[in-house]
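Notes to accompany the following structure.
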Amino acid sequence: MAIHARQLHPLFAAELTGVDTSQPTPELRADIERMIDQHGVCVLPGQNINAQQQVDFARLFGALERPPQVRGSRGARDAKFPPEIFPITNLTEDGQIQTEDNAARAYRLANALWHTDSTFRQTGATYSMLHARVVPPHGADTQFVDTRAAYDRLPDTMKSRLEGLEAVHSIWESRGKLGGYTPTPEELVARPPARHPLVKVNPNTGRRSLLIASHVSHIIGWPEAEGRALIDELMELATRPEMIFSHQWRVGDMVIWDNRSTMHRATPFEDGVYVRDLTRVTVREFAA
Ligand code: OGA
Ligand code: MN
């Protein structure tokens with residue numbers, strides 16, 4: 001069946017129909033990669049797959065990340081998942097809704113800040129694939145912006161100012177912004193910062209994008225406050241309301257985004273009342 005794409009936002013994002021992720025083939029990989037290169041975010045509705053099938057599909061695109069140990073999130077419940085699954089959930093290991101003092105909840109809440117997955121790892125990430133199992137009746141959209149469109153809109157003077165700059169990214173920077181999750185000394189050592197260029201070039205398309213967002217702590221060689229001001233300015237430009245595509249989840253949706261072309265964030269819902277249970281897999285950009 002041929003894939004059909006319907007554009008979801010004037011700048012980027014498309015819904016793809018005619019895709020069956022339970023049948024991973026090299027042809028499907030090529031088709032999806034072409035769609036992602038073009039649209040940045042692709043929504044694939046009606047994917048009735050289990051966690052192992054999600055992993056098998058994602059493996060078409062490269063080596064997969066493994067999630068870190070987060071206090072309060074890895075336990076009996078996750079033992080049923082393959083090790084490449086990141087549970088994006090408000091359930092505890094025994095299937096109860098997380099309470100406000102749950103460490104995994106505090107860790108997850110930082111997803112509400114604009115971010116790009118895994119920029120805090122030196123190995124980076126190409127695609128993230130998030131699959132919805134249970135969704136709340138309202139709220140909890142995931143929002144996206146296109147960081148290629150954001151780059152394209154910069155004045156030439158800004159583009160040349162950014163050339164060659166590198167930023168430091170750390171998971172503890174984004175977690176520190178909201179408080180609530182304090183890393184242990186072992187966690188600090190286990191997850192050191194990474195450095196990446198501020199302007200990223202996608203090798204498939206040659207297009208440039210901004211690599212910024214909540215994990216960035218500073219710009220290498222710049223005074224901290226000056227770096228922060230530049231990042232804040234770029235973030236403001238990249239996340240203006242007209243740049244945002246908001247995805248409202250349905251059970252069975254799989255959303256694939258290219259972390260080299262987009263930023264995203266979670267939005268609130270009544271997470272003490274309703275269950276929201278999704279699973280993510282993440283494709284590494286570079287070998288470990
Ligand atoms: C993620 C993420 C946002 C959401 O899974 O990487 O940021 O809405 N999710 O759950
Ligand atoms: Mn994310």
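Any value given below was found using the heavy atoms of this structure, including those in side chains, with hydrogens, waters and symmetry copies removed.
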Is atom CD of Q248 surrounded by more than 12 heavy atoms (other residues, nucleotides or ligands) closer than 6.0 Å?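 No.
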Mind checking what makes side-chain contact (heavy atoms from CB on, under 4.5 Å) contact with A106, not counting sequence neighbours?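 If we apply the side-chain contact (heavy atoms from CB on, under 4.5 Å) test to A106, skipping adjacent residues, the hits are Y181.
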Salt bridge (Lys or Arg N to Asp or Glu O under 4.0 Å) partners of residues 212-227, not counting sequence neighbours, each pair once: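 The answer is none; no pair qualifies.
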Residue pairs passing the salt bridge (Lys or Arg N to Asp or Glu O under 4.0 Å) test where at least one lies in residues 8-25, sequence neighbours excluded: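 Salt bridge (Lys or Arg N to Asp or Glu O under 4.0 Å) check on residues 8-25 returns R6-E15, E15-R250.
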Under the 6.0 Å and 45° cation-pi test, does R284 pair with Y127?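 Pair R284/Y127 does not count as cation-pi.
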Face-on cation placement of R175 at Y107 ring, 6.0 Å and 45° thresholds: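 Judged by the rule (NZ or CZ under 6.0 Å from the ring centre, within 45° of its axis), R175 counts as positioned above Y107.
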Could you list the cluster mates of F286? Members are the ILVMFWY residues connected by side-chain heavy atoms closer than 4.5 Å, either directly or through other members.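 Under the 4.5 Å side-chain rule, F286 groups with nothing.
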Looking at residues at least two apart in the chain, or sitting in another chain, which of them share a salt bridge (Lys or Arg N to Asp or Glu O under 4.0 Å) with E27?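 Scan of E27 (salt bridge (Lys or Arg N to Asp or Glu O under 4.0 Å), adjacent residues dropped) gives none.
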Should E285 and R121 count as an ion pair when the cut-off is N to O under 4.0 Å?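 Answer for the salt bridge query: no.
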For the pair D271 and R276, find out whether any cationic side-chain nitrogen is under 4.0 Å from an anionic carboxylate oxygen.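 The answer is no: the pair does not qualify as a salt bridge.
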Among all residues two or more places apart in sequence or in another chain, which pass the ring-ring contact (aromatic ring centres under 6.0 Å, His included) test with H169?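 H169 satisfies ring-ring contact (aromatic ring centres under 6.0 Å, His included) with H196 once adjacent residues are dropped.
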Give a yes or no answer on whether the side chain of D146 reaches the backbone of T262 with a donor-acceptor pair at less than 3.5 Å.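 Not confirmed, D146 side chain does not pair with T262 backbone.
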Just by distance, do the side chain of R108 and the backbone of T89 share a donor-acceptor pair under 3.5 Å?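 Indeed, once roles are kept as given, a pair shorter than 3.5 Å links the two residues.
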Compute the centroid of each ring, for H264 and then for W114, and state whether the two points are separated by less than 6.0 Å.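 Between H264 and W114, the centre distance exceeds or equals 6.0 Å.
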